[in-house]
Protein chains: 2
Amino acid sequence: MGHPDIRSHAPLTHGDLKVDGSGYLYDAAMRRAVVEDAGEGSVEVFEALAALRLAAKRIHDAMERFAEGHGLSESRLRVLTRLCHRPSRQLPLGALAEGMDVTPRTMTDIIDVLERDGLVKRVPDPADRRSVQAVITEAGLERINAMRRDATTKQAAIAQGFTADQLVDLRHLCLLLVRNLSGDAEGS
Amino acid sequence: MGHPDIRSHAPLTHGDLKVDGSGYLYDAAMRRAVVEDAGEGSVEVFEALAALRLAAKRIHDAMERFAEGHGLSESRLRVLTRLCHRPSRQLPLGALAEGMDVTPRTMTDIIDVLERDGLVKRVPDPADRRSVQAVITEAGLERINAMRRDATTKQAAIAQGFTADQLVDLRHLCLLLVRNLSGDAEGS
DNA sequence: TCACTATAGTGAGTGTCCTCACTATGGGGC
DNA sequence: GCCCCATAGTGAGGACACTCACTATAGTGA
C-alpha cells in the first residue's frame, strides 16, 4: 500500500540565511530573485511575502514528512487529530472540510483513504440523513496516540528560539495580510 | 483554450477576524480549531502557524486569481516575470526551477504550457548542449506589460496599513521558522 | 580513447486539491 | 398533499507539483 514518498527533497537555492546590519534575517537568493520580480513595486513587500510563502512551504513539507513517517498525509493527520479531540470521536464531513479550509469534495477523498486504511468509519447520521459522520476507529486512535509524543517534540523544535511575543506578532502580521486580502481585491 | 477556473471560492469559516485585548488580531474559528488540534503542545505556536498558513493560502489564491484573469497561472506568471526582468530575456529551465523552489520536472511542465501558448520559446544552448533556454517571446512581453500597472495596484492593496518595520518583522519571523525547519527534523 | 560520474531536461505515473454537475434529503410555503 | 430551494455528500474530470527512471551531454581521470 504505497505511500507517496515525500522524503527529504533537499532545500533548493533558498535556505542559506544571513543576518543583516540590524540583526534581521534575510535570504540572499530570495532577495536577488525578489528584486528581479518586483520591478516598480515595493521590494520590502515582495520580500516579506516571499519569506512567508517559503516558511509556509517548509512547514507544509515538514508536516507532510512527519505524517508520512507514520503512514499518513498531513491532511489525514489533521482529520484524525480533530476527530480524536472530539468527545464523541466523530464529526460530519462538512464540518471537517470547513475546519480545515478545504472543499467538501476534498474531504470526501481524504475520508476515502482514511476509511480504506481502517482508521475511520463512515456512519450515517440518523438525525439528518443527508449527513455522514466520520468516526475514528480504535486503530485510528492508536495511530494518533503513537504519534503524540513525537509530535510534541517536533513542535518544540519549530518554535525554538521564539518568544511568546514573537508568536503573537507573527500571528498578527499574518492575519493583517489575510484581512487585506479578504475584503478588497478591488474595494476601498 | 481552457483555463482552470480559480474563481472566488468563498472564504470558508476562517476570515472573520477579531481584535483581542492587546490590539492583536485573531480568528475565532481558527483558535477553536487550534485548541482542539494542539492537545498538549503550545497553543500559541499552533495558532501562529495556522495564521501563517492561512495567509500563505490567501496570498496564493489571490495571485492565482489575478494571473488567471490574464490567462496565466501563478507559476507561469512568475516565470514570465523573471524572464522579462532578464537583460537577455532568457534563462535555462534549471535556473528557473531553482529560483522558484520547484523541481526541474515541474518547470518542464510549466514551460510546456507557456510554449504552447506562444509566450515562451525553447532554444538550445550552443554553449552547453544539455541545457535548454526558455526565451520570452514578443507575445510574452506584451502580456506581462499589460499586467504591470494592475499588479502594482494589487500589491499596494496587500500591504495596505503595513509599516516598513512590520514588513521586516514579518520577513524575519518567517525566516526564523525556515531556519528552525532547515537544519533539524531530528538534529539538535 | 574509454570508462565513470555528474548534470540538464523529460517520459511515465501518483497524490492532492479544485470545479462542475448530480443525487438525496430537509424545511419551508401554499 | 405538492413545489421550491437550500444543504450534504459524491462522481467525473482537470490542474499542479511531486517521485522515479531514463536519455543526452559534460567533465573528469586512467
Side-chain angles (χ1 to χ4, degrees), chain A residues 1-10 12 53 56-57 60-61 63-65 67-68 71-79 91-98 100-117 120 122-134, chain B residues 1-10 12 53 56-57 60-61 63-65 67-68 71-79 91-98 100-117 120 122-134:
Chain A
M1 40 179 71
H3 309 122
D5 270 336
I6 301 299
R7 76 196 60 204
S8 50
H9 162 255
L12 308 174
R53 305 187 63 183
K57 181 162 190 177
H60 177 77
D61 288 354
M63 298 265 275
E64 203 78 57
R65 205 155 48 240
E68 202 241 340
L72 292 170
S73 74
E74 186 193 5
S75 309
R76 296 197 277 279
L77 170 59
R78 288 177 69 193
V79 167
L91 228 37
L93 298 212
L96 283 168
E98 270 209 9
M100 288 181 41
D101 204 18
V102 297
T103 62
R105 188 59 186 83
T106 299
M107 190 50 62
T108 294
D109 286 338
I110 294 172
I111 297 295
D112 280 350
V113 178
L114 244 17
E115 189 168 33
R116 182 161 49 54
D117 291 352
V120 147
R122 276 184 171 85
V123 175
D125 181 342
D128 182 344
R129 288 172 45 204
R130 294 168 303 177
S131 179
V132 176
Q133 300 280 329
Chain B
M1 42 184 67
H3 310 122
D5 270 338
I6 299 298
R7 74 197 59 205
S8 50
H9 161 254
L12 307 175
R53 306 187 62 181
K57 180 163 190 175
H60 176 78
D61 287 354
M63 297 266 275
E64 202 79 57
R65 205 156 47 239
E68 202 240 340
L72 293 170
S73 75
E74 186 194 5
S75 311
R76 296 196 278 277
L77 170 58
R78 289 177 69 194
V79 167
L91 228 36
L93 298 213
L96 282 168
E98 269 207 10
M100 288 180 42
D101 204 18
V102 298
T103 62
R105 188 60 186 83
T106 299
M107 189 50 62
T108 295
D109 285 340
I110 294 172
I111 298 294
D112 280 351
V113 178
L114 243 18
E115 189 168 32
R116 182 160 49 54
D117 292 353
V120 147
R122 275 184 170 87
V123 174
D125 182 344
D128 182 344
R129 290 173 44 205
R130 293 168 303 178
S131 181
V132 176
Q133 300 280 329

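Computed over heavy atoms, backbone and side chain alike; hydrogens, waters and symmetry mates excluded. Every chain is numbered from 1 and lettered A, B, ... according to where its sequence line falls, protein lines coming before strand lines.
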Can you tell me how far P of C:dT16 sits from CG of A:Leu114, to the nearest Å? 11 Å
Rounded to the nearest angstrom, tell me the gap between atom CZ in A:Arg122 and atom P in C:dA24. 17 Å
Under a 3.5 Å distance rule, please check whether A:Glu64 uses its side chain to pair with a backbone N or O of A:Glu74 as donor and acceptor. yes
Would you mind reporting whether A:Leu114 and A:Arg122 have side-chain heavy atoms less than 4.5 Å apart? no
Touch class at under 4.0 angstrom, heavy-atom based, for B:Asp128 against every strand present: sugar-phosphate
Measure CD/B:Glu68 against P/D:dG14 and give the value in whole Å, please. 17 Å
Side chain of B:Leu93 only, heavy atoms from C-beta on: which candidate in C:dT10, D:dT10, D:dC18 is closest? C:dT10
Rounded to the Å, how far apart are B:Arg105 CZ and C:dT14 C1'? 13 Å
Under a 4.0 Å threshold between the charged nitrogen and the carboxylate oxygen, would A:Asp112 count as salt-bridged to A:Arg76? no
A:Leu96 vs A:Val102 side-chain heavy atoms within contact, under 4.5 Å: no
Can A:Asp109 and A:Arg105 be counted as an ion pair, charged N to O under 4.0 angstrom? yes
Could you identify the nucleotide paired to D:dA30, looking across every strand shown and requiring Watson-Crick or G-U wobble geometry with both distances under 3.5 Å? C:dT1
How many whole angstroms separate atom CZ of B:Arg53 from atom P of C:dC17? 10 Å
Distance test, side-chain N/O of B:Thr106 to OP1/OP2 of D:dC16, below 4.0 Å: no
Using a heavy-atom cut-off of under 4.0 Å over every strand shown, decide if A:Ser131 touches base, sugar-phosphate, or nothing. sugar-phosphate
Distance below 4.0 Å between A:Thr103 side-chain N/O and C:dC18 OP1 or OP2: yes
Can you tell me how far P of D:dC16 sits from CG of B:Asp61, to the nearest Å? 14 Å
Among the candidates D:dC18, C:dT10, D:dC16, find the nucleotide nearest to the side-chain atoms of B:Asp109. D:dC18
Looking at B:Thr108, I'd like to know whether one of its side-chain N or O atoms comes within less than 4.0 Å of OP1 or OP2 on C:dT10. yes
More 5' along DNA chain C: B:Pro104 or B:Arg130, using each one's nearest nucleotide? B:Arg130
Once you round it to whole Å, what is the distance between C1' of C:dT7 and CZ of B:Arg129? 15 Å
Which of D:dC16, D:dC18, C:dG26 is nearest the side chain of B:Ser73? It is D:dC16
How many whole angstroms separate atom CD of A:Glu64 from atom P of D:dC18? 12 Å
Which of D:dC16, D:dC18, C:dT10 is nearest the side chain of B:Ser75? It is D:dC16
Return the 5'-most residue of the pair B:Gln133, A:His60 with respect to DNA chain C, ranking by each residue's nearest nucleotide. B:Gln133
